[in-house]
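What follows is a short report on a single structure.
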There are 2 protein chains.
Amino acid sequence: MLIGEASKQTGLSTKTIRFYCDRDLIAPRRDPFTGYRSFTENDLAKLRFLKKARQLDFSIKDCSELLILYNQPDRASLDVKTIASKKLEELDAKANELNSLRNQLKLLVERCSGDHLPDCPILDALAGERN
Amino acid sequence: MLIGEASKQTGLSTKTIRFYCDRDLIAPRRDPFTGYRSFTENDLAKLRFLKKARQLDFSIKDCSELLILYNQPDRASLDVKTIASKKLEELDAKANELNSLRNQLKLLVERCSGDHLPDCPILDALAGERN
DNA sequence: AGTTGACCTTCCTGCTACTGGAAGGAAAAT
DNA sequence: ATTTTCCTTCCAGTAGCAGGAAGGTCAACT
């Protein structure tokens, strides 16, 4: 199966798939004459794995490690959980910060009249006049 | 005032300040002989404005527009509110997505025993066996 | 056979908002 | 005079791709 078909099957762009190949996340067979990549069902499974891992915000490096564990029958689930827990902490931290930012900005937006007059609590806050 | 002092006064790195100069967010006077940048109190105010706007996750482009409005006495607060509302929507969307991801990952992590055995609900989910 | 169109390849650039570091001039301190 | 510290510009790297150029390949149609 060529890369275009693999793209359709997985929902990943051909650009993304080539990028994963460059980063050695997968290594599909190559036609020795044309250089065309040839994807097996196993390759597709790995691509779908990568897609879901990326959707969960795992980095490429994380994905690489997870994929290795996935292909390693004698793995310890602890190793997987360690990676996932770390990512979970990151997501927690990001989510908290984002919620905080959102609330701050929401307050400012609500207080701004949004008319043709120049007075603006948002600019005031940015200028630090009340902080 | 030279860039190092401006850095101390604002808490922005000299690298960041130079970057803002390159992007024309501020244009401090230049010593015609040495090329050294010279910052006024007005420049510092703009830098502090930029710092807070960036903390609120406004892009450089947004910051540029906000700074223009800030320096424009006859502005309409509507223009500011429009930019801020758009950013607020972005933050909302990001926060929602992040919370969703976090919850998904949290469930998986909780279900993973994290021991020496190979069975792992996290890998199972990434492999798509239950989705 | 020739040609069109749809594939495929590699390589280079750009995106965001910086950070780190090299090479070299300038000013202050010793 | 020399060392240290500060300043300058420029180049590379970060994460994860997307866009596009230049060129090879393959099946189909005339």
Side-chain angles (χ1 to χ4, degrees), chain A residues 1-39 43 46-47 49-67 83 86-87 90-91 94 97-98 101, chain B residues 1-39 43 46-47 49-67 83 86-87 90-91 94 97-98 101:
Chain A
M1 181 186 304
L2 297 183
I3 198 171
E5 183 61 21
S7 170
K8 280 177 197 161
Q9 297 285 329
T10 61
L12 295 169
S13 73
T14 60
K15 289 281 187 184
T16 298
I17 296 176
R18 285 196 197 95
F19 178 72
Y20 292 164
C21 293
D22 289 346
R23 298 306 194 82
D24 294 322
L25 294 175
I26 54 167
R29 203 162 38 86
R30 294 289 193 127
D31 183 309
F33 297 107
T34 65
Y36 286 14
R37 294 176 180 83
S38 178
F39 294 81
D43 291 326
K46 289 183 185 174
L47 286 175
F49 182 100
L50 288 171
K51 187 182 182 187
K52 289 192 183 164
R54 289 286 307 131
Q55 284 174 348
L56 282 175
D57 203 41
F58 286 106
S59 69
I60 294 292
K61 188 164 175 294
D62 286 339
C63 288
S64 175
E65 296 175 10
L66 289 172
L67 208 45
I83 297 175
K86 200 175 160 192
K87 173 54 65 179
E90 282 179 38
L91 290 183
K94 260 196 202 173
E97 196 189 332
L98 213 52
L101 285 185
Chain B
M1 180 187 306
L2 298 183
I3 198 171
E5 183 62 20
S7 169
K8 281 176 195 160
Q9 297 285 328
T10 60
L12 295 169
S13 73
T14 59
K15 288 282 188 183
T16 298
I17 296 176
R18 284 195 198 96
F19 178 72
Y20 290 165
C21 293
D22 289 346
R23 297 305 194 81
D24 295 320
L25 294 175
I26 55 167
R29 203 163 38 87
R30 294 290 193 128
D31 182 310
F33 298 106
T34 65
Y36 286 13
R37 294 175 180 84
S38 177
F39 294 81
D43 290 327
K46 289 182 186 174
L47 286 175
F49 182 100
L50 287 172
K51 187 183 181 186
K52 290 193 181 163
R54 289 287 304 130
Q55 284 175 348
L56 282 175
D57 204 42
F58 286 106
S59 70
I60 293 292
K61 188 164 176 293
D62 287 339
C63 288
S64 175
E65 296 174 10
L66 289 172
L67 208 44
I83 297 174
K86 198 175 160 193
K87 173 55 65 179
E90 282 179 38
L91 290 184
K94 262 196 200 171
E97 197 188 333
L98 215 51
L101 286 185

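Small disclaimer: the values here were computed from a predicted structure and weren't measured. Convention: sequence-line order gives letters A, B, ...; per-chain numbering from 1.
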Interatomic distance where [atom1] belongs to [X] and [atom2] belongs to [N] [whole Å]:
X: A:Arg30; N: C:dT9; atom1: CZ; atom2: C1'; result: 8 Å
X: A:Arg23; N: D:dA18; atom1: CZ; atom2: P; result: 13 Å
X: B:Ile17; N: C:dA17; atom1: CD1; atom2: P; result: 17 Å
X: A:Phe19; N: D:dT14; atom1: CZ; atom2: C1'; result: 12 Å
X: B:Leu12; N: C:dC18; atom1: CG; atom2: C1'; result: 12 Å

- Task: Determine, for A:Lys87 against A:Glu90, whether the closest basic-nitrogen to carboxylate-oxygen distance falls under 4.0 angstrom.
- Result: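 Salt bridge flag = yes for A:Glu90 with A:Lys87.
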- Item | Contacting residues from residues 55-66 of chain B, given that a heavy atom lies under 4.0 angstrom of DNA chain D |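 Heavy-atom cutoff 4.0 Å gives no residues at all.
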Do [X] and [Y] have side-chain heavy atoms sitting under 4.5 Å apart?
X: A:Arg37; Y: A:Arg30; result: yes
X: B:Leu67; Y: B:Lys46; result: yes
X: A:Ile83; Y: A:Glu65; result: yes

Does a nitrogen or oxygen in the side chain of [X] sit under 4.0 Å from OP1 or OP2 of [N]?
X: A:Arg54; N: D:dC17; answer: yes
X: A:Thr34; N: D:dG24; answer: no
X: A:Ser13; N: D:dA18; answer: yes
X: A:Tyr20; N: D:dG16; answer: no

- Query: Quick one: what's the B/S/- string for nucleotides 2-8 of chain C, heavy-atom cutoff under 4.0 Å, read 5' to 3'?
  - Reply: -----BS
- Message: Using only modelled atom types and a 3.5 angstrom limit, is any donor from either the side chain of A:Lys15 or the base of D:dG20 paired with an acceptor on the other?
- Response: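 Yes, the side chain and the base share a sub-3.5 Å donor-acceptor pair.
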- Query: Can any side-chain N or O of B:Lys94 pair as donor or acceptor with the backbone N or O of A:Leu98 at less than 3.5 Å?
  - Reply: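 Looks like no, no N/O pair under 3.5 Å.
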- Query: Roughly how far apart are A:Arg23 CZ and A:Cys21 SG, rounded to 0.5 Å?
  - Reply: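 Going from the CZ atom of A:Arg23 to the SG atom of A:Cys21 covers 12.5 Å.
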- Should the heavy atoms of other residues, nucleotides or ligands under 6.0 Å from CD of B:Gln55 be counted, would the total exceed 12?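 Yes - once you tally the heavy atoms of other residues, nucleotides and ligands closer than 6.0 Å, there are more than 12.
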- Taking all atoms of both residues into account, what is the closest heavy-atom pair of B:Ile17 and B:Leu47, and its distance?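 Smallest heavy-atom distance, with atoms named: CD1-CD1, 4.1 Å.
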- Do you know which of A:Ile60, A:Asp62, A:Thr16, A:Leu12 makes side chain to side chain contact (heavy atoms under 4.5 Å, CB included) with A:Arg54?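 The residue from A:Ile60, A:Asp62, A:Thr16, A:Leu12 that satisfies side chain to side chain contact (heavy atoms under 4.5 Å, CB included) with A:Arg54 turns out to be A:Ile60.
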